[in-house]
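Notes to accompany the following structure.
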Amino acid sequence: NIDVYYERLPNAFGYKFKFFQHQGVTLGMATSITDEIVSRMMSQSYDHGAQWRECGVREIVHNEWDLSITVFFRVRDAG
């Protein structure tokens with residue numbers, strides 16, 4: 001099993017996804033898992049009428065202590 005922890009950013013519309021490298025998670029695996037979660041978040045937002053879209057560049061931290069991917073969103077303009 002791979003644990004994924006996530007938190008909403010306090011100062012921006014986005015989420016930070018954290019992974020534990022001691023579980024054998026590589027950057028490629030973390031990116032794939034994040035892609036799947038983000039896809040589901042956007043799909044569910046559409047179901048609730050908000051229509052989130054990913055925007056900007058993902059922030060990736062990958063060093064000997066930390067592996068995290070931060071994803072930013074915007075709400076799609078109506079019309």
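Bear in mind the structure is a predicted one, so any value in this text is a computation, not a measurement.
The aromatic rings of Phe13 and Phe73 lie tilted to each other, with the angle between the two planes from 30° to 60°.
Among all heavy-atom pairs drawn from Met41 and Trp52, the shortest one is CE-CZ3, 3.9 Å.
Summarising the geometry, atom CZ belonging to Arg74 is positioned 11.0 Å from atom CD belonging to Glu54; distances are rounded to the nearest 0.5 Å. Atom CG of Asp66 sits about 9.0 Å away from atom CZ of Phe20, to the nearest 0.5 Å.
Residue pairs meeting the side-chain hydrogen bond (donor to acceptor under 3.5 Å, both in side chains) criterion with at least one member in residues 30-42, sequence neighbours excluded: Asp35-Arg58, Glu36-Arg40.
The ring-ring contact (aromatic ring centres under 6.0 Å, His included) test applied to Phe72 returns no partner, not counting sequence neighbours. Under the rule for a side chain to side chain contact (heavy atoms under 4.5 Å, CB included), the partners of Val25 that lie at least two apart in sequence or sit in another chain are Ile2, Phe19, Gln23, Met29, Ala30, Leu67.
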Margin query: Let's go through Ile37 and Phe17 carefully: what are the C-alpha distance in whole Å and the side-chain angles of both, what is the deciding distance for side-chain contact (heavy atoms from CB on, under 4.5 Å) to 0.1 Å, and is it a yes or a no?
Written below: CA-CA 9 Å; Ile37 295 169; Phe17 300 90; 3.5 Å; yes
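Other residues, nucleotides and ligands contribute at most 12 non-hydrogen atoms within 6.0 Å of the OH atom of Tyr6.
Cluster membership check: Val71 does not share its hydrophobic cluster with Leu9, using side-chain heavy-atom separations under 4.5 Å among Ile, Leu, Val, Met, Phe, Trp and Tyr. In the hydrophobic cluster analysis, where Ile, Leu, Val, Met, Phe, Trp and Tyr join through side-chain heavy atoms closer than 4.5 angstrom, Val61 is grouped apart from Val4.
Under a 3.5 Å cut-off, the side chain of Gln21 and the backbone N or O of Asn63 do form a donor-acceptor pair.
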